[in-house]
Amino acid sequence: MIRVEQLRKNFGTVTAVSGVSFTAENGAITGLLGPNGAGKTTTLRMLYAVMRPDSGNIRVDDVDAIADPHSAQGRLGVLPDGFGLYPRLTAREHIEYFGELHGITGASLRQRTQELLDLLDMNAIADRRTSGFSHGERTKVGLARALVHSPQNVLLDEPTNGLDVMSTRAVRTIVRRLKEEGRCVLFSSHVMQEVSALCDSIVVIAQGQVVARGTPDDLRRHTGQENLEDAFVALASGERRA
Amino acid sequence: MNFGRSLRQIAIVIRKEIKDSLRDRRALWSIVFSVSIGPIIIGFMMNRVADRQREAEQVRVPVVGMQYAPALVDWLRQQSGVQIVEGPQNPEEAVRNQDEELTLIIPKDFAHTFNQSKPAVLQIVADSSRNDARPTVERVRRLLQQYGAEIGSLRLIARGVSPAASQPIVLEDIEVSTAQQRAAQILTFIPMFIIMAGFVGGMQIATDSTAGERERGSLEPLLVNPAPRLVFVGGKWLAAALAAMASTALTTVLCAYLPRFLPLEEMGIRFRIGPEHITGIIGAALPMCLFSSALQSAVATLARSFKEAQSYMGVLVLLPMIPGVLGALYPLGNAPWMYAMPMLGPYVLLTNVLGGQPPAINAFLISAGISIVAAAILVRITATLFESERIIFGR
């Protein structure tokens, strides 16, 4: 479970995140929805402790992520936005590298790596260097290494951005599976359909603030728009006018 | 922070960076090439110098007008390694066209003037812009001066004067350096090569694992792993330092084998790198590798892009050349303060070790201590930079 309270972050004079609060429950998929530049990535970066918030609280399970970032990171599996791979390492080596950094070794590391390769249908590319990988294959590697330590909480920053239909489906399958396992999945996207199809709960962010939250149905009711995309536009631009 | 866990994580990072860099064949070969090219070129150059010296001992002297000074020609023939041949028709043109290195001309009136005990003229036709002919010309000039001196002494004796009277002063050279020291002076480039190798060897990992890692976008996911930044920075630094040490070892081995293929004995130089030098080389060079890799990692982390980092490396590589170039221009000596300078200390240590005069253990300890402390400070700075969001996410 992830609980965020009054998160703030400025870059110089620019306010990127201004008082974001939400809770992402276990066994549920929470969508962080917002237009480009709304503060989704910055919020997530503070969650996985590569950025320090100016103020606010973050709890990952029962860990204070600001006071004890490494314990929080141990409970998080993260697929950052626009992440990169090591072109000269194989897919398997990527998974094993992160597994080792999480303290998994020997037979259990090999077994867990194989599990992920099977799960993501990556056996054909497991021992190839990643330099020639397609975007879909790269995303799979990124996902697999994020999940190597079986984290209770999974943060995915625009994971389906630019993916083809097949790869998008593969990602959704994994996300649903993580939910079934009782994990907490926090998923960011700027694509309405994606979020409404997948998420149990949606947090809409615009201009660094939470402008709405609830189930997809709640959002429709809240804005009075039948179509969820219209609801999203109403929320995002409504905030901008204010 | 769990210390044992951090150490394990550092080892994991080191292993990954080393594996990664070993697969970068192009970078690997460029390191091997750049650390071996120096010793190999020097090998060729030394061989050429030796060849020329050998040539100078075996001189071929074309003489025009042999019949005018048969005694002189006979005397020359008796000197070892001198071969007298008939001179060319047009001596100046032959020398200018490089058909001959020199030509000795004995003018027609040589015998006449000589017999009158007046200075008799001999002409040497030579091209002073030709470096390769210089030893030969020098040798011939010395032979002729020696002949002149001998004749002069005989003339004085014939007149009842001691030849010593015409020699108001005698210059005597007292050489204080041992043969090994002279060798070290001539071979000052070897310490420089060893230090350069340490510098070049760690460069690829130092840039690829910092500026390169960020540019690829693999830094952010890496930093999500639960470890202090010092762990990542430390691992990357030590991986670079290990590569630097490996390339230092490669250059040292090359330099150790080089003299076997060089006619150093002929040139009056005794130089070898043997087992007795190994401890000294390790003591001088390895702490330097820790320092240079730390410096490179810090600079590469500050660079805005991989390209920028690489161009900074091009500037940094001039650093280890400074003491080498200075040392070649004039002997640096070994004042105690030198050991306390990060790049200079190891250089002076290596020069003395290879010169057969290993400095006291204190000098090693000071130099190593300074290198390690400087490295620790730089690594600490780099780790702080890794905490900075501006550095992690670029600017």
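All chains are named by letter (A, B, ...) in the order of the sequence lines, taking the proteins before the strands, and each is independently numbered beginning at 1.
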| Per-residue contact mode, A:Leu89 against chain B (heavy atom under 4.5 angstrom) | both

| Worked check of side chain to side chain contact (heavy atoms under 4.5 Å, CB included) between B:Val231 and A:Leu101 | CA-CA 10 Å; B:Val231 162; A:Leu101 287 173; 5.6 Å; no

| field | Heavy-atom proximity to chain A below 4.5 Å, by part of B:Leu222 | value | both

| query | Given that the side chain runs from C-beta out, which part of B:Ile392 has a heavy atom under 4.5 Å from chain A: side chain, backbone, both or neither? | reply | side chain

Note each donor-acceptor pair with a separation under 3.5 Å, taking one atom from chain A and one from chain B.
| unit_1 | atom_1 | unit_2 | atom_2 | d |
| --- | --- | --- | --- | --- |
| A:Lys9 | NZ | B:Glu389 | OE1 | 2.8 |
| A:Lys9 | NZ | B:Glu389 | OE2 | 3.1 |
| A:Arg45 | NE | B:Glu220 | OE2 | 3.0 |
| A:Arg45 | NH2 | B:Glu220 | OE1 | 3.1 |
| A:Tyr48 | OH | B:Glu220 | OE2 | 2.4 |
| A:Ala49 | O | B:Arg229 | NH2 | 3.4 |
| A:Arg52 | N | B:Glu389 | OE2 | 2.8 |
| A:Gln73 | NE2 | B:Leu223 | O | 3.0 |
| A:Gly84 | N | B:Gly217 | O | 2.8 |
| A:Tyr86 | OH | B:Glu213 | OE2 | 2.4 |
| A:Arg88 | O | B:Arg23 | NH1 | 2.8 |
| A:Arg88 | NE | B:Asp20 | O | 3.0 |
| A:Arg88 | NE | B:Asp20 | OD1 | 2.9 |
| A:Arg88 | NH1 | B:Asp24 | OD2 | 3.4 |
| A:Arg88 | NH2 | B:Asp20 | OD1 | 3.3 |
| A:Arg88 | NH2 | B:Asp208 | OD2 | 3.0 |
| A:Glu93 | OE1 | B:Arg23 | NH1 | 2.7 |
| A:Glu93 | OE1 | B:Arg23 | NH2 | 3.4 |
| A:Glu93 | OE2 | B:Arg23 | NH2 | 2.6 |
| A:Glu100 | OE1 | B:Arg15 | NH2 | 2.9 |
| A:Glu100 | OE2 | B:Arg15 | NH2 | 2.7 |
| A:Leu101 | O | B:Gln9 | NE2 | 2.8 |
| A:His102 | NE2 | B:Asn225 | OD1 | 3.2 |

| message | Are the side chains of B:Val224 and A:Phe98 in contact, using a 4.5 Å heavy-atom criterion? | response | no

| said: Please classify the contact of B:Phe386 with chain A as side chain, backbone, both or neither, using a heavy-atom distance under 4.5 Å. | reply: neither

| query | Between B:Pro221 and A:Gly84, which heavy-atom pair has the shortest distance, and what is it? | reply | CG-O, 4.2 Å

